[in-house]
Amino acid sequence: MDGEYRSVREVQSSEFDGREAFVRGWIHRTRSSNKYVFIVLRDSTGIIQCVGSREDIPDLFDIAKELLVESSVRLKGKVKKDDRAPGGYELHMTGIEVVHAAERFPITKDQSEEFLRDNKHLWIRSRRMNAILKVRSTVTGAIHSFFRERGYHEFTPPIFTPNACEGGSTLFEVKYYDSTIFLTQSWQLYAEAAIFSLERIYDVSPTFRAERSKTSRHLSEFWMAEMEAAWIGYLDAVRIAQDEVKHILGRVLNENMEDLELLGAEPERLRKSLDVEWPVITYTEALDILKEKCNMDVEWGKDLRTIEEERLMENFSTPVTVIQYPKEVMAFYKPVEEGADAPGPVAKCFDMLAPGGYGEIIGGSERDMDIGSLKAALEREGESVENYDWYLDLRRYGSVQHSGYGLGVERLIAWICKLDNIKDAIPFPRTLNRVRP
RNA sequence: GCCGCAGUAGCUCAGUUGGUCAGAGCGUACGGCUGUUAACCGUAAGGCCGUCGGUUCGAAUCCGUCCUGCGGCGCCA
């Protein structure tokens, strides 16, 4: 069929009312009677109802009636405003070209999450997944624009790595020629090397963790958006992190309102959070809040557990940054904050927690500059210092104050889209029990 | 690593104390219906009741094993 094809979004507007239009896409729904056939056509931009009557298109009527869901078609017709049509406009078909007649599509209504995930290669066509993936694209695009506008350079770390970073037990082993190495858990060690060249860097890249976590907040393969910068302390990094997340929210609210509405994501909740200051509290203050408002007694020095984070966040409607966790429970590279008002030594570190039970979306810290205390911390954790020889070199040649953090892209998307499960925030989730499709 | 839940038609699920319990809806095929909103009405096809074993005259149902998936904790983003 000859003609200039328009997106469904374009055609769903007063601009095309009364005019002929060509559209192409996939059949989303069909309904028919003896006299009328209704085809709801889907393309990447939306859906439009297309109608034909036996009287008007006798040659095409039976063809239209036989089409199964997800068949690909090109359609020609006249656009007419009609309140009965979803979206307000419908196409009165005058031409139908069947590009490919689909077999019976396995996904219908009333699907279990398990079945949908088994068929994610097909479920990805759904309006819901379409909306989530559009938000995801905006989120990663916004991360790039945020840092680039501020003079950061994108820096790409290796994915194969010989080193652990966050503890050896959660690494995926990979056969590498005649030896065994690991998939990266964090770009951090390499980022710390790179800031001596580029000073301010960021990335968005995949991360692999073999944690045996079977929760709605964990993936074995997820994407982290990280930053690392020289000459800044961890409180500077907190400010940047808050600005980054606000920047992302702003972009999504700007570009994905329809998607958020379709997902039932209550975008107003996000917009409100942009107008207010986001709290920064210390770990010690968090314990006070838990004790006073949640009736939870946490012993100082214990890391906050999931239930405690959830209960703490019930007191807030915006993300909250918790700083200065006990040094004891933190990774070796996080330095001590001297002179903090706390019962024990605390680290120059922070976590940003999202409201609504979405958990930690960002973790970050200042990095220890001193080779002596780094070595001591590694030994305390039972690591072999030799494995970190090149990392320790970074403290031998012009060591400077620097800080960085990592943002969990899927957790942020889950919060923005109000998803029940993080597995829907990534196109093809990898978990403890799923690597297909 | 610990604790829990679930596997019956392509899909979502019923199935009582073990004894017409092989069932419904959706989807599909065929037919009907003058505008439907994942319409409606009729007919039909479609099942090793996850696996292996046990108890029993008799097992979808009770017991055990294994497999698969899901969720919670811990840990993390």
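Values reported hereafter were calculated over all heavy atoms of this structure, with side chains retained and with hydrogens, waters and symmetry mates removed. The chains referred to below are lettered A, B, ... by the order of the sequence lines, with proteins before strands, and numbering in each begins at 1.
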[X] [atom1] - [N] [atom2] separation (whole Å):
{"X": "Leu432(A)", "N": "rG72(B)", "atom1": "CG", "atom2": "C1'", "result": "14 Å"}
{"X": "Glu360(A)", "N": "rC75(B)", "atom1": "CD", "atom2": "C1'", "result": "9 Å"}
{"X": "Phe115(A)", "N": "rC70(B)", "atom1": "CZ", "atom2": "C1'", "result": "16 Å"}
{"X": "Asp118(A)", "N": "rG69(B)", "atom1": "CG", "atom2": "P", "result": "9 Å"}
{"X": "Phe350(A)", "N": "rC76(B)", "atom1": "CZ", "atom2": "P", "result": "16 Å"}
{"X": "Arg117(A)", "N": "rU68(B)", "atom1": "CZ", "atom2": "C1'", "result": "15 Å"}
{"X": "Arg209(A)", "N": "rA77(B)", "atom1": "CZ", "atom2": "P", "result": "5 Å"}

Query raised in the report: Side chains of Val336(A) and Lys348(A): closer than 4.5 Å at any heavy-atom pair?
Result: no

Query raised in the report: For Arg212(A) and Ile107(A), take the nucleotide of RNA chain B holding the closest heavy atom to each; which residue's nucleotide lies nearer the 5' end?
Result: Arg212(A)

Query - Given RNA chain B, 5'-ward residue of the pair Thr431(A) and Phe105(A), judged by closest heavy atom - result: Phe105(A)

Could [X] and [Y] be called an ion pair, given the rule that one side-chain N must be under 4.0 Å from one carboxylate O?
{"X": "Glu410(A)", "Y": "Arg136(A)", "result": "yes"}
{"X": "Glu114(A)", "Y": "Arg434(A)", "result": "no"}
{"X": "Glu309(A)", "Y": "Arg305(A)", "result": "no"}
{"X": "Lys418(A)", "Y": "Glu266(A)", "result": "yes"}

Query raised in the report: When only distance counts, do a donor and an acceptor, one from the side chain of Arg411(A) and one from the base of rC76(B), lie under 3.5 Å apart?
Result: yes

Report task. Would you kindly check whether a donor in the side chain of Arg31(A) faces an acceptor in the base of rU36(B), or vice versa, at under 3.5 angstrom? Result -> yes

Report summary line: Partner of rG4(B) under the Watson-Crick or G-U wobble criteria, both distances under 3.5 Å, comes out as rC70(B)

Report task. Select base, sugar-phosphate, or nothing to describe what Asp82(A) touches, counting heavy atoms under 4.0 Å on all strands. Result -> base

Requested in this report: Would you mind classifying the nucleic acid contact of Lys302(A) as base, sugar-phosphate or nothing, using non-hydrogen atoms under 4.0 angstrom?
Outcome: nothing

When you compare [N] with [M], how far apart are their [atom1] atoms, in angstrom units rounded to a whole number?
{"N": "rG35(B)", "M": "rC40(B)", "atom1": "P", "result": "13 Å"}
{"N": "rA22(B)", "M": "rA9(B)", "atom1": "C1'", "result": "10 Å"}
{"N": "rG74(B)", "M": "rC67(B)", "atom1": "P", "result": "27 Å"}
{"N": "rC57(B)", "M": "rA24(B)", "atom1": "P", "result": "33 Å"}
{"N": "rG53(B)", "M": "rA45(B)", "atom1": "P", "result": "32 Å"}
{"N": "rG27(B)", "M": "rG42(B)", "atom1": "P", "result": "13 Å"}
{"N": "rU61(B)", "M": "rC21(B)", "atom1": "C1'", "result": "10 Å"}
{"N": "rG54(B)", "M": "rC11(B)", "atom1": "P", "result": "30 Å"}

Look at the rings of [X] and [Y] and say which category their plane angle falls in: under 30° parallel, 30 to 60° tilted, over 60° perpendicular.
{"X": "Tyr202(A)", "Y": "Phe147(A)", "result": "parallel"}
{"X": "Phe208(A)", "Y": "Phe172(A)", "result": "perpendicular"}
{"X": "Tyr405(A)", "Y": "Phe350(A)", "result": "perpendicular"}

Query raised in the report: Where along residues 33-60 of chain A does a heavy atom come under 4.0 Å from RNA chain B, residue by residue in number order?
Result: Ser33(A), Asn34(A), Lys35(A), Tyr36(A), Phe38(A), Gln49(A)

Report task. Using only side-chain N and O atoms of Ser112(A), determine if any of them is under 4.0 Å from OP1 or OP2 of rC70(B). Result -> no

